[in-house]
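Notes follow the structure.
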Amino acid sequence: MAKGITSRSENYSQWYNDIVGKAGLAEHSAVRGCMVIKPYGYAIWEKIQRQLDDMFKATGHQNAYFPLFIPKSFFSKEANHVEGFAKECAIVTHYRLKNDPNGKGVVVDEDAKLEEELIVRPTSETIIWNTYRNWIQSYRDLPLLINQWANVVRWEMRTRLFLRTAEFLWQEGHTAHATKEEALEETHKMINVYSDFAQEWMGIPVLIGTKSEGERFAGALETYCIEALMQDGKALQAGTSHFLGQNFAKAFDVKFQTKEGKLDHVWATSWGVSTRLMGALVMAHSDDKGLVLPPKLAPTQVVFVPIYKNEEEFEAVSEKINQLKSQLDSKGVSTHFDNRDTVKPGFKFAEYELKGYPIRIAMGPKDLEKGTVEIARRDTLTKEFIPQEKVSDYVPTLLDEIQSNLFNKAIKFREQNTTSVDTYDEFKSVLNEKGGFVLAHWDGTAETENKIKEETKATIRLIPLSNEDGSGKCIYTGNPSAQRVVFARAY
RNA sequence: CGGGGUGUGGCGCAGUUGGUAGCGCACUUGCAUGGGGUGCAAGGGGUCGGAUGUUCGAGUCAUCUCACCCCGACCA
């Protein structure tokens, strides 16, 4: 285990990389732009997956799985969609290798060229809608509410662990509805599921809103998103839910017969979150000692560290720890007793802080005498002595408190880093000196949005759903604006 | 694809005017230690990214090549 991590204030990117690497979450693989998710990182992802999956099931969705490969011709059917993804696709052109006739190793067998190239999915709308055509005949087949857990590939130029990798894990929901209203309702429902998950489970406050036309998903009529603020003042899009209208139904000719016997195209939505959530989790809560995990997503919530000088002391401490451990286990708390004799307690303390275990309980000979344990919280880094008989009642309460403390801290941070501005000069100076979310009036044109982006690197993260402080004038052009929108520099 | 940089044990690095490879961490073994990353001692591990050239001799010089990283364009 490496010693120390780069300070957050000194070099934010390095700090992030250090935590991801040294806490054992993930590392770069031998393949360019791809990532190996290590067991500890994957354990956290599994917690995320499980909870989201429960929430999807509770809202009536079912899981299914569609192919990794998409025939190239499918892609060209929805014009905006192709345009959005064409520049970052991996393409399969051949299906066989052969021994290199001139030397060592193998080469592509040019005789094995595919008649039609296959695209490695960057997202699955096209293959799924091509399939839905056969699944949907009647209004009785609707709504069709399906989710897929999968990997997708987007050939990104520059990558960062979890935040942007050439291949990533995600879930993508694809639903079909009989009416526009129902599809819109589904779009709203799912962005709210994401928002609830982010706030209640990840402890990350998010803003909900719609994307401007320029930031909208390729092929969607409306994109809803949740945006979180990271500790360096940059925004991170944490999830999206798209209202696709009838675009894909028309492109793939998916029609159904209504009650009245008429033929109509179905209305569609799609929504997704990815392993990017892992990046958000790291950046939202962690500190200079390492990862900080919200208790609800920590693979292990409580770790016991024994302190002893000899075999007898170890036996005595172990016995007591095992009692406390089973009390907590029976209350549904996930625990670990680190009885390794190969490293010292101080090493373990540092290691569990680095890995973000929410609660650490140390027990040694002094505690045996006094009937206490030492309980250390990861979020505040504070320690206190608690009588042993109170541990099983206290720990679950403390876990809840840590969970809400992380959320409250993040809310407070966001409040402090959200600024309302009325002039372009003010806008630029806030971006440069403070960062964070900047609320400003915008005239609603893509042209203005692009100019601001070119000049400041800030983009419109979202257009809030509720218009809180009315109309005004665009900070860039002075033209009328109906409401303030949220600008930020983003990941 | 443009601009810059780096390739030396698992990781991080040093290596002078060319002289036959070293340090820290990690690893192995032993003893002590144990309430915040433990100390001492002894060990194992490298065809110096690759190819060609110059030279008595190349980690070091030259040419070519490959890979990766950083800054842009692209993006969940």
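Just so it is clear, the values below take in all heavy atoms, side chains as well, and ignore hydrogens, waters and symmetry mates. Within every chain, numbering begins at 1; the chains are lettered A, B, ... in the order of the sequence lines, protein sequences first and strands thereafter. Note that the structure is a prediction, hence the values are computed from the model and not measured.
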Do side-chain atoms of Trp442(A) reach the backbone of Thr445(A) as a donor and acceptor pair under 3.5 angstrom? yes
Less than 3.5 Å between a donor and an acceptor, one on the side chain of Glu351(A) and one on the base of rG37(B), is that the case here? no
Sticking with atom P, work out how far rU33(B) lies from rC70(B), rounded to a whole angstrom. 47 Å
Could you tell me how far rG35(B) sits from rU17(B) if I compare only their P atoms? Round to whole Å. 48 Å
Could you work out the separation of rU8(B) and rU54(B) based on their C1' atoms and round it to a whole Å? 23 Å
Indicate, with a heavy-atom threshold strictly under 4.0 Å, whether Glu156(A) touches base, sugar-phosphate, or nothing. base
What nucleic acid atoms does Lys344(A) come within less than 4.0 Å of, heavy atoms only: base, sugar-phosphate, or nothing? base
Sugar-phosphate only, base, or nothing, as touched by Asn17(A) at under 4.0 Å among non-hydrogen atoms: nothing
Rounded to whole Å, how long is the line connecting atom NZ of Lys383(A) with atom P of rG36(B)? 7 Å
Is the backbone N or O of Gln199(A) less than 3.5 Å from a side-chain atom of Asp196(A), with the two atoms forming a donor-acceptor pair by type? no
Please answer whether the main-chain N or O of Thr335(A) pairs with a side-chain N or O of Gln301(A) as donor and acceptor at a distance below 3.5 Å. no
Scan Thr159(A) against the nucleic acid and name what it touches under 4.0 Å (heavy atoms): base, sugar-phosphate only, or nothing. nothing
rC48(B) versus rA58(B) - spacing of their P atoms, nearest Å: 11 Å
Complementary nucleotide of rU28(B), counting Watson-Crick and G-U pairs under 3.5 Å: rA42(B)
Upstream residue (5' side of RNA chain B) when Lys309(A) and Ala166(A) are each assigned their closest nucleotide: Lys309(A)
How far does the P atom of rU55(B) sit from the matching atom of rA42(B), given to the nearest Å? 45 Å
Taking atom C1' of rG37(B) as reference, at what distance in whole Å does atom NZ of Lys355(A) sit? 15 Å
What's the CD-C1' distance between Gln237(A) and rA76(B), to the nearest Å? 6 Å
May I have the distance from Arg340(A) (atom CZ) to rU38(B) (atom P), rounded to whole angstrom? 12 Å
Within the 4.0 Å heavy-atom criterion, would you say Asp367(A) contacts the bases, only the backbone, or no part of the nucleic acid? base
Regarding Phe168(A), tell me which of base, sugar-phosphate or nothing describes its non-hydrogen contacts under 4.0 Å with the strands shown. base
When all nucleic acid strands are considered with a 4.0 Å heavy-atom cut-off, which category describes Lys457(A): base, sugar-phosphate, or nothing? sugar-phosphate
Can you tell me, in whole Å, how much space there is between the C1' of rC69(B) and that of rG12(B)? 15 Å
Quick one: which of rG34(B), rC74(B), rG37(B) gets closest to the side chain of Glu88(A)? rC74(B)
Which is true for Arg360(A) with a 4.0 Å heavy-atom rule: it touches a base, it touches only sugar-phosphate, or it touches nothing? base
Spacing between Asp338(A) atom CG and rG36(B) atom P, to the nearest angstrom: 16 Å
Separation between the C1' atoms of rG2(B) and rU60(B), rounded to whole Å: 31 Å
Will you find, in the side chains of Glu454(A) and Asn450(A), an N or O donor that is under 3.5 Å from an N or O acceptor? no
In whole angstroms, the gap separating P of rC74(B) from CD of Glu454(A) amounts to 9 Å
Give none if rA73(B) has no partner; otherwise give the nucleotide forming a Watson-Crick or G-U wobble pair with it, both distances under 3.5 Å. none
Measure from OH on Tyr352(A) to C1' on rG37(B) and round the result to the nearest Å. 13 Å
Just the rounded figure in Å: distance from C1' of rC68(B) to CG of Leu161(A). 14 Å
Are Trp170(A) and the base of rA76(B) stacked, counting only ring centres nearer than 5.5 Å and planes tilted under 30°? no
G-U wobble or Watson-Crick pairing nucleotide for rU20(B) (cut-off 3.5 Å, both distances): none
Would Glu27(A) and Lys38(A) pass as an ion pair if we require N to O under 4.0 Å? yes
Are any side-chain N or O atoms of Glu319(A) and backbone N or O atoms of Phe314(A), one a donor and one an acceptor, separated by less than 3.5 Å? no
Of Glu449(A), Glu455(A), Glu447(A), the one forming a salt bridge (Lys or Arg N to Asp or Glu O under 4.0 Å) with Lys451(A) is Glu447(A)
When we call it a touch if two heavy atoms are under 4.0 Å apart, what does Leu163(A) touch: a base, just sugar-phosphate, or nothing? base
Given that Arg160(A) and Leu236(A) both sit by RNA chain B, which one's nearest nucleotide is further toward the 5' end? Arg160(A)
Tell me which nucleotide, if any, is Watson-Crick or G-U wobble paired with rU54(B) when both distances must be under 3.5 Å. none
Residue Ala350(A), side-chain heavy atoms: nucleotide from rA76(B), rG36(B), rG35(B) that is nearest: rG36(B)
Could you tell me whether the side chain of Asn147(A) and the main chain of Asn63(A) form a donor-acceptor pair under 3.5 Å? no
P atom, rA21(B) versus rG9(B): distance in rounded Å? 15 Å
